[in-house]
Amino acid sequence: MNQIPMTVQGAQQLRDELQELKTVKRPAVIEAIAEAREHGDLKENAEYHAAREQQGFIEGRIQDIEAKLSNAQIIDVTKMPNNGKVIFGSTVTILNLDTEEEVTYRIVGDDEADIKNNLISVNSPIARGLIGKEQDDVVRVKTPAGEVEFEIAEVQYL
């Protein structure tokens, strides 16, 4: 399988979720199934069917997380020298040359992306346009709203 780029924080979040699923949610749903079985006829037992459905979801998510972690290429930009180049994991402040609006994004893996927290996927149009460029470069990025020009104001390896 292909390596999945992931930041150190993203990998830790997945490990934490996996731990929660295995130690808290899985035992709870097993207990709920056992309790629902005690109520008798399983064909018409909504609690039993709901618990089984929840168990399927939890087991699927555990497998998904384990697969992602086993194929993860964890990249720690804090251990790299900052040469001003935009790379995976870097925090980039860009200036929209049309609106003079300045915004800071961190380029992360697909699973970590959260635009509300300024975490953009490495596969997003803006990130693809920025990767490989350097501080003070002007970049033209094709966005869903059209082509936009950005100036890279600052590149940090946090």
Side-chain angles (χ1 to χ4, degrees), residues 1-29 32 49-158:
M1 288 188 87
N2 292 341
Q3 293 270 303
I4 301 169
M6 197 175 291
T7 63
V8 174
Q9 295 88 344
Q12 188 58 49
Q13 286 174 341
L14 283 179
R15 283 189 203 100
D16 292 345
E17 182 182 352
L18 184 63
Q19 183 72 16
E20 168 87 3
L21 288 170
K22 284 183 169 182
T23 61
V24 177
K25 292 189 176 181
R26 182 191 268 169
V29 82
H49 292 291
R52 290 288 299 190
E53 188 175 310
Q54 183 69 20
Q55 183 184 34
F57 173 77
I58 289 170
E59 294 302 326
R61 184 67 182 146
I62 287 171
Q63 287 178 351
D64 185 43
I65 292 172
E66 286 176 340
K68 285 176 183 171
L69 287 173
S70 69
N71 292 313
Q73 178 183 5
I74 299 172
I75 299 169
D76 186 359
V77 293
T78 61
K79 292 186 170 45
M80 298 178 187
N82 187 343
N83 57 7
K85 190 174 249 186
V86 179
I87 60 171
F88 177 86
S90 60
T91 302
V92 185
T93 302
I94 55 176
L95 176 68
N96 184 323
L97 295 178
D98 295 334
T99 64
E100 295 293 317
E101 181 184 349
E102 191 173 82
V103 65
T104 301
Y105 292 119
R106 182 150 186 245
I107 301 173
V108 297
D110 290 333
D111 291 320
E112 305 167 70
D114 181 3
I115 193 67
K116 290 178 184 165
N117 292 315
N118 290 352
L119 301 172
I120 60 171
S121 167
V122 68
N123 295 314
S124 70
I126 292 176
R128 284 196 311 249
L130 294 173
I131 295 280
K133 305 297 189 284
E134 296 184 8
Q135 190 166 320
D136 299 325
D137 284 355
V138 174
V139 182
R140 295 179 76 93
V141 177
K142 288 184 182 177
T143 66
E147 201 165 90
V148 181
E149 271 192 334
F150 295 105
E151 180 181 342
I152 300 173
E154 185 178 21
V155 179
Q156 297 173 298
Y157 293 2
L158 304 174

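This structure is a prediction, so every number in the text was calculated from the model and none was measured.
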Could you check whether any side-chain heavy atom of Asp137 comes within less than 4.5 Å of a side-chain heavy atom of Phe150, counting everything from C-beta outward? no
Would you mind checking if Arg61 and Glu17 are paired as a salt bridge, meaning a charged N to carboxylate O distance below 4.0 Å? yes
Does the Glu112 side chain pair with the main chain of Thr7, one donor and one acceptor, at a distance under 3.5 Å? yes
Does any non-hydrogen side-chain atom of Asn71 lie less than 4.5 Å from one of Asn2? no
State, yes or no, whether a side-chain contact exists between Met80 and Ile87 at a heavy-atom distance under 4.5 Å. yes
Can you sort out the partners of Gln73 under side-chain contact (heavy atoms from CB on, under 4.5 Å), two or more places apart, ordered by chain and number? Gln3, Ile75
Side chain to side chain donor-acceptor pair (under 3.5 Å) with Asp136: which residues, sequence neighbours excluded? none
Side chain Thr23, main chain Gln19, donor-acceptor under 3.5 Å: yes
Drop me the distance from Leu130's CG to Ile120's CD1, to the nearest 0.5 angstrom. 6.0 Å
Name all residues meeting the side-chain contact (heavy atoms from CB on, under 4.5 Å) criterion together with Glu53; count only those two or more places apart in sequence or in a different chain, and write none if there are none. none
Starting at CD of Glu149, measure out to CG of Leu97 and round the result to the nearest 0.5 Å. 5.5 Å
Given the rule in the side chain to side chain contact (heavy atoms under 4.5 Å, CB included) test, do Ile126 and Thr143 qualify, once you have shown the distances and angles that lead to the verdict? CA-CA 7 Å; Ile126 292 176; Thr143 66; 4.3 Å; yes
To the nearest 0.5 Å, how far apart are CG in Asn117 and OH in Tyr105? 12.5 Å
Locate the shortest heavy-atom distance separating Gly129 from Val141; write the atom from each residue and the value. CA-CG2, 4.3 Å
Member of Leu119, Asp114, Asn118 meeting the side chain to side chain contact (heavy atoms under 4.5 Å, CB included) criterion with Val108: Leu119
Begin with the C-alpha distance, continue with both residues' side-chain angles, and end with the deciding distance and a verdict on side chain to side chain contact (heavy atoms under 4.5 Å, CB included) for Gln12 and Val8. CA-CA 6 Å; Gln12 188 58 49; Val8 174; 5.7 Å; no
How many angstroms lie between CG in Asp110 and CE in Met6, if you round to the nearest 0.5 Å? 9.5 Å
Do any N or O atoms from the side chain of Asn82 and from the backbone of Val155 form a donor-acceptor pair under 3.5 angstrom? yes
Sequence neighbours excluded, the answer for salt bridge (charged side-chain N to carboxylate O under 4.0 Å, His left out) partners of Lys22 is Glu66
With sequence neighbours excluded, tell me which residues meet side chain to side chain donor-acceptor pair (under 3.5 Å) with Ser124. none
Can you establish whether the number of heavy atoms outside Lys25 located under 6.0 Å from its atom NZ is more than 12? no
Can you name the salt bridge (charged side-chain N to carboxylate O under 4.0 Å, His left out) partners of Glu102, sequence neighbours left out? none
Apply salt bridge (charged side-chain N to carboxylate O under 4.0 Å, His left out) to Lys68 and list each qualifying residue two or more places apart in sequence or on a separate chain. Asp64, Asp111
Chi angles and distances behind the side chain to side chain contact (heavy atoms under 4.5 Å, CB included) call for Phe88, Val77: CA-CA 8 Å; Phe88 177 86; Val77 293; 5.8 Å; no
If the condition is side chain to side chain donor-acceptor pair (under 3.5 Å), which residues does Tyr157 pass it with, not counting sequence neighbours? Asn83
With sequence neighbours excluded, what pairs up with Thr99 under the side-chain contact (heavy atoms from CB on, under 4.5 Å) test? Asn96, Glu101
Nearest 0.5 Å, what's the CG-OG1 distance between Leu158 and Thr91? 4.0 Å
Measure across Ile74 and Ala11 and return the closest heavy-atom pair with its distance rounded to 0.1 Å. CD1-CB, 3.6 Å
Spacing of Ile58 atom CD1 and Glu20 atom CD [to the nearest 0.5 Å]: 9.5 Å
What is the minimum heavy-atom distance between Ile152 and Glu134, and which atoms define it? CD1-O, 3.5 Å
Please enumerate all residues that pass side chain to side chain donor-acceptor pair (under 3.5 Å) together with Thr78, with sequence neighbours excluded. Asp76
Say whether, by atom type as modelled, one donor and one acceptor occur between the side chain of Ser121 and the main chain of Asn123 under 3.5 angstrom. yes
Pairing residues for Glu100 by the side-chain contact (heavy atoms from CB on, under 4.5 Å) criterion, not counting sequence neighbours: Leu95
Salt bridge (charged side-chain N to carboxylate O under 4.0 Å, His left out) involving Glu59 - partner list, sequence neighbours excluded: Arg26
